[in-house]
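Below you'll find the structure, written out as structure tokens, and then a few comments.
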Amino acid sequence: MSTFRTRRQFLQSAGAASAAIGMSELGFLDALPRVSAAEAQPQLPSLQSGGDVLALVKTIEDTPREKLLEEIAARIRRGVSYREIVAALLLAGVRNVRPRPVGFKFHAVLVVNSAHLASISSPDEHRWLPIFWALDSFKDAQAQEVKASHWTLPAVDEAAVPPAHKAANAFKQAMDNWDEAAADVAITGLVRTAGMHEIYELLFRYGCRDFRDIGHKAIYVANSLRTLACVGWEYAEPVLRSVTLALLEHEGDNPAKRDGAPDQAGRRNLERIGKIQLADRTSAADDAVTRDMLDALRDGSHDAVCDKTVELLNRGVAVQSLWDALHVGAGELLMRQPGIVGLHAVTSTNALHYAFRTAADESTRRLLLLQNAAFLPQFRAAMQERGKLDAVRLDDLQPFEQPAAGEAAIKDIFAEISKDRLSAAKKVLAYATANPQPKQLIDMARVLVFLKGNNAHDYKFSSALLEDYSQISSGWRQRYLASGVFNLRGSGDSDNPLTQRTRAALQS
């Protein structure tokens, strides 16, 4: 059976009739070799072609935007691998885009992992498209950086790099004091002498310590680890220097010398973690606990919500019940006010939960949970400053009464997203309840991001949403997925121009 037939069957199975998105929209990807699932998965510790990757970085940096896709396509045909492209893209970003503020043009770096997640979750034949999108995003950010300041990652002050036995303490002291120069050389010393897990135990804590940049600090920490796990630890030094610079971003004078609002929850939670008794991690998730926590998230201050979290943990409730509430609470915020702040409630919760699942130190895990509980009321407050929040409650959402079945249901859902998102949410809830493993729905959501996504948030949000679906308890996950339609792409949305440019590049 031909590759085109395989793709055609995939699109058909996802309910994508030709009237919706076109049966051969992604057929141009046949011009490139497929990326196997094995090649796209993490393969630490390193790649074997560092010199080739650094040459590829230079190509990405120096090739004009209007020619880059053609140049990368040609190199892929000559044998450059998926992992080499992702590594070079990440390095080009951290070398050329200033990580302050941690957002805006810096999304070109933040989105690399999201594009990678979209790739590894897609059929083999689709895996190049998110990476091509991220390459183009980098060139846009690079042009903005050149216009603004010509910033590039500076050379390391080698004389100031601490020895191995002092690097960890030097890093903690520099970060606690918000000392940029000292932190830069300390993280350099750590990367050269310490292991990945030891370093990220520290970065997880500093990534969540303050509510600045609407969660992007925690997102960058998580995304950097996940991308390095794909491309190899040998590229960690410039990446973690960039991460460190991002984590020290702040307004005004030194935060260590004042009790600024973005720092208050983190400082109080450092005290709270000592009051938490060991939770019974064998307890089953409890819907009543999740609903109780959701109620606190809707109205409580960050102090009240964190106190509630400590109280529940000390009662021995399942931690899963609390994470269910945090994910669903984030999705509900997006429903109450669709837009940039609400979607970051979802993506930062994704990052903090990933860090929680990855961290080994119990106090770090407690801090991550408490900080996520503190972040959501702060997201809610930031949204209230932008306008009114709708009164919708995700646990009260009722499924569409007469859902369409099979492929027709999926086609109907994605058409409805472009017209009435609340109605589409009800249809998703009905479909996901009837189909507990809604792979076809999820696959089509990814395809429509490829075809119609027009900014980094389309990739960041969809990758977080569709990953976290499987992390949430049954019964809540369907509601969480339904909330996603408030930032997913519908079949009636306009196609993005990059798809056409990629098609032209691969067919040239």
* **Residue pairs fulfilling side chain to side chain donor-acceptor pair (under 3.5 Å) with at least one residue in residues 372-384, sequence neighbours excluded** =>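 The answer is T349-N372.
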Just by distance, with hydrogens left out, do [X] and [Y] show a side-chain donor and acceptor under 3.5 Å apart?
X	Y	answer
D468	N350	yes
D303	S301	no
D324	Y480	no
K147	Q144	no
N269	R366	no
D493	S418	yes
Y220	S242	yes

* When the aromatic ring centroids of F356 and W323 are compared, is their separation below 6.0 Å? ->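 When the ring centroids of F356 and W323 are compared, they turn out to be within the sub-6.0 Å range.
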How would you list, by chain and number, every residue that makes a ring-ring contact (aromatic ring centres under 6.0 Å, His included) with [X], sequence neighbours excluded?
X	answer
F461	none
F211	F375, F379
H107	H216, H457
H250	W178

By side-chain hydrogen bond (donor to acceptor under 3.5 Å, both in side chains) - contacts of [X] (at least two apart):
X	value
S423	E416
K308	D292
S224	Y200
N487	none

Can you tell me if [X] uses its side chain to pair, donor with acceptor, with the backbone of [Y] under 3.5 Å?
X	Y	value
K217	E249	yes
N314	Q277	yes
R421	V485	yes
D210	P262	no
D184	L245	no
R127	I120	yes
K460	N455	no

* Taking C-beta and beyond as the side chain, do L190 and I187 meet within less than 4.5 Å on heavy atoms? ->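 A side-chain contact under 4.5 Å exists here.
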* Asked: For residues 334-347, which residue pairs qualify under salt bridge (Lys or Arg N to Asp or Glu O under 4.0 Å), counting only residues two or more places apart or in two chains?
  ->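 Qualifying pairs, neighbours excluded: none.
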* Asked: What residue pairs, at least two apart or across chains, pass salt bridge (Lys or Arg N to Asp or Glu O under 4.0 Å) with a residue in residues 87-98?
  ->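 Pairs touching residues 87-98 that pass the test: E61-R95.
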* Asked: Would you call D263 and R212 a salt bridge, using N to O less than 4.0 angstrom?
  ->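 Yes, charged N to carboxylate O under 4.0 Å.
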* Apply salt bridge (charged side-chain N to carboxylate O under 4.0 Å, His left out) to E145 and list each qualifying residue two or more places apart in sequence or on a separate chain. =>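 Salt bridge (charged side-chain N to carboxylate O under 4.0 Å, His left out) list for E145, sorted by chain: K105.
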